[in-house]
Structure formats: C-alpha cells, structure tokens
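Have a look at the structure below, then the notes.
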There are 2 protein chains.
Amino acid sequence: MKLADKKELLQKYLHEKGLKSTTQRDDIIDVFFKTSTHINLEELLKKVRRKNPKIGYATVYRTMKLLTECGIAMERQFGDGQTRYEHIPDDSHHDHCICVRCGRIMEFENQKIEHLQKEIADKLNFTVTNHKLELYGFCSKCGS
Amino acid sequence: MKLADKKELLQKYLHEKGLKSTTQRDDIIDVFFKTSTHINLEELLKKVRRKNPKIGYATVYRTMKLLTECGIAMERQFGDGQTRYEHIPDDSHHDHCICVRCGRIMEFENQKIEHLQKEIADKLNFTVTNHKLELYGFCSKCGS
DNA sequence: ATGATAATAAAAATTATTTTCAAAATCAAG
DNA sequence: CTTGATTTTGAAAATAATTTTTATTATCAT
C-alpha cells in the first residue's frame, strides 16, 4: 500500500469516527512511513521533531494508537518494556526461526500456513491484518 | 513435564547459580502450575496469597523472572501493558488472536499448522522447542 | 465567518515493574 | 547443631512507560 493510500485510510477512519485531520498527524504518519524497522516512541518522536519541533510526545502516542486502530501500524513488544511500532506489511510476510542458543534468526515463508490462518480466523469471525509466527529452538549448528 | 520435575529443574538452576530455595518460591510455583491460562501478576499474586498471605508482589515478580530464566514459565505481552505468564507447553500448544482495537484475546489450536511448522523446521534443519503464533486484527465486535 | 467540537502541548497522574534496605531465612562448613 | 556469610524477603520508595488533565488552539460543517 502506498503512503497516499494509507493517509486516505486514516482520513476515512477519522471521518467515520467524527475525528479531525491535523498537520501533526500527517507529519507523524509521514515520518513513520520513512522508518524501516520497529521503532520505539522515543526514536520516532526525535525524528518527528526534526520535521515539526513543537510536537509533544503524548500526540505521538495518540497518533500511533490511531494508526494501530485503523490497521496502518502495528504495536510490538519484545519484552524490554517498550512498545515498538511497525508498518503493516503490504502483501507478503516472512516468519522467523530463532535459535535459543546462538541467537541465529532464519526467515521463512509458507503459503499453506497463511491460508490456514485465514481459515481459522474466519471461523472465529476475526479479520486478520497481520500476524507473527516465531519458532524457537536449536539451529543446525547448535544441534538439539 | 510433571510438577515435581519442574520443581527439580528450578532447584537445579538455583543451585547452579548459588541461589537458595525458599518456601515462597515453592508456593509460587505450586500456584502457578495450577493456573491454566496466561495469568497476569495481579491475579497470580491474589492466588498466591490465598496459600501464603504474607507474600509480597516483588517476590512474585522476582520468582516469575527466575522461572522464565530456567525455562519453566514464559513471559508474553499482548499489548495491554501487562506481562502475562504462561507454562511452557508440554506437547500441545494454543495460539492467539489479538484484537488491536479492544484488546480481546482468543485462543485456538490447529494441528495442521503445528505439523507444517515441523515440516518447515526440518527443511531448515531446525529443532523446534516452542513457538509463538499470533494473529492480529479485528474481532467480531470491532468489525473490520 | 461562526460555533461546536476535537486536538494540541505541557505537565501531572497513573500503572507496571524494579530497586532499595533492614530484617529474616538458608545452607555449607566447622 | 551452631555459626557466619550470603541470599531472600516484604514494604516502601524509585523508575520508566504510557495516559490523562487542562487551558488553549485548530478544524470543519453549516
């Protein structure tokens, strides 16, 4: 999905809920879309302030919550106490094998699993916007 | 793995690290093993205090961290700001749907996916000991 | 343009988690 | 079994992330 489309999605969501568009929100979404990894609030705020120095951090929190609600961003917690934000992937998606001994991370992709996920979600009346699949264990080097 | 074995695992870990066994830790592990879902600290503390009313919450935090370190428990964050604790699954495993709008969590289980995971891991020469599968999106109440 | 409503920045408040500290418990060695 | 060094504990204080409050400003349908 292109930036323009995401912005449109946000506008639509805002309008539905009777909320208003603001330059702050636009600035934040612009900056967020230039990031490539899972960014935490502090880093994001720093980047946002390079564009618009007066933005308060509560606004960034609020906006990221909005983006999450309308399915544009995704919150992730890796257990370090901070929430990190990530783009919702456009189409394809990769999952991870993580070696608990050496920390090696291998990526994989499997259409069958993606398909089964959709099936399960349908049964639960749940609309999936994104997923996380992580396999933990021992890589070939670290044996079992 | 049986409760007795888990306790032994903890004792072994404590001894290795030069730490000591205490009744509090035993009480907490006992109570934790009677829980069935992902429990947060508050709920766990409440249950623990029914057995041993004087236990402080810092002790529960400290003990759960220990259990996590020695692979008996697992910390999970679903984005509601609280850490929840779960048993390391013995064999079967349940996965989660998480609503990004209202925070509702639904569990599911799917043998086909588990099987596909094993297949993928085999191809990568990877031995899976545990996994996490989380579907994020909108629950039936929150629509799409 | 106006007026009702929502959004903002900054500060204060809240919440989960961690740390501190003095007292109590553990345990290896004598 | 006692000792003594060390760890653990509970309670309270401290910390860190996030949320709420409040007065002011901005938005937008009319």
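Only this structure's heavy atoms are used, side chains among them; waters, hydrogens and symmetry mates stay out. Numbers restart at 1 for each chain; the letters A, B, ... are given by sequence-line order, proteins then strands.
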| query | Do other residues, nucleotides or ligands put more than 12 heavy atoms under 6.0 Å from A/H15 NE2? | reply | no

| request: Round to a whole Å and report the spacing from CD of B/Q77 to C1' of C/dT15. | output: 14 Å

| said: With each end axis built from five pairs of C1' atoms, what bend angle do you get for the helix from C/dA1-D/dT30 to C/dG30-D/dC1? Round to 10°. | reply: 40°

| request: Could you check B/K65 against A/N52 and say which one's nearest nucleotide on DNA chain C is further toward the 5' end? | output: A/N52

| Any donor-acceptor pair under 3.5 Å between the side chain of B/K20 and the base of D/dT7? | no

| query | Hey, does B/F126 have a side-chain heavy atom less than 4.5 Å from the side chain of A/M106? | reply | yes

| query | In this structure, are over 12 heavy atoms from other groups packed under 6.0 Å from B/E8 atom CD? | reply | no

| note | To the nearest angstrom, the CD1-C1' distance between B/I55 and C/dA25 comes to 14 Å

| query | Start at the 5' end of DNA chain C and walk down; is the nucleotide closest to B/Q11 or to B/Y57 reached first? | reply | B/Y57

| Phosphate contact (D/dA17 OP1 or OP2) by A/T83 side-chain N/O below 4.0 Å | no

| said: Test of understanding: with side chain to side chain donor-acceptor pair (under 3.5 Å), list the residues that count as partners of B/Y136, not counting sequence neighbours. | reply: A/K132, B/E134

| query | Taking CD from A/Q82 and P from D/dT15, how many angstroms apart are they, rounded to a whole number? | reply | 17 Å

Short heteroatom pairs, N/O only, protein and nucleotides 20-24 of chain C, under 3.5 Å:
residue : atom : partner : partner atom : Å
C/dT20  : O4   : B/R62   : NH1          : 3.4

| task | Might you point out which heavy atoms bring A/L45 and A/I55 nearest each other, and give the distance in Å? | result | CD1-O, 3.9 Å

| query | Any chance CD of B/E107 has more than 12 other-residue heavy atoms, nucleotides or ligands included, within less than 6.0 Å? | reply | yes

| Taking CG from A/D80 and P from C/dA16, how many angstroms apart are they, rounded to a whole number? | 18 Å

| Where at least one partner belongs to residues 63-82 of chain A, residue pairs that pass salt bridge (charged side-chain N to carboxylate O under 4.0 Å, His left out), sequence neighbours excluded | A/R76-A/E86, A/D80-A/R84

| Quick check: does any side chain N or O of A/T63 sit under 3.5 Å from a backbone N or O of A/T59, one acting as donor and the other as acceptor? | yes

| Between D/dC28 atom C1' and A/H15 atom NE2, what is the distance in whole Å? | 9 Å

| request: Give the rounded distance in Å between these two atoms: CG of A/L14 and C1' of D/dC28. | output: 13 Å

| said: For B/F33 and B/H87, take the angle between the two ring planes, folded into 0 to 90°, and tell me which bin it lands in: parallel under 30, tilted 30 to 60, perpendicular over 60. | reply: parallel

| What is the minimum heavy-atom distance between A/I72 and A/K6, and which atoms define it? | CD1-O, 3.3 Å

| note | B/R49 CZ to D/dG10 P, in whole Å, measures 9 Å

| query | Atom CD1 of B/I113 and atom CD of A/E119: how far apart are they, to the nearest 0.5 Å? | reply | 9.0 Å

| Rounded distance in Å - CG (B/L19) to C1' (C/dA28) | 15 Å

| Within residues 21-42 of chain B: residues closer than 4.0 Å to DNA chain D (heavy atoms) | B/T22, B/Q24, B/R25

| task | Kindly state each residue pair satisfying salt bridge (charged side-chain N to carboxylate O under 4.0 Å, His left out) with at least one member in residues 19-39 of chain A, sequence neighbours excluded. | result | A/K7-A/D30, A/D30-A/K51

| query | Can a side chain N or O of A/Y61 be found less than 4.0 Å away from OP1 or OP2 on D/dT18? | reply | yes

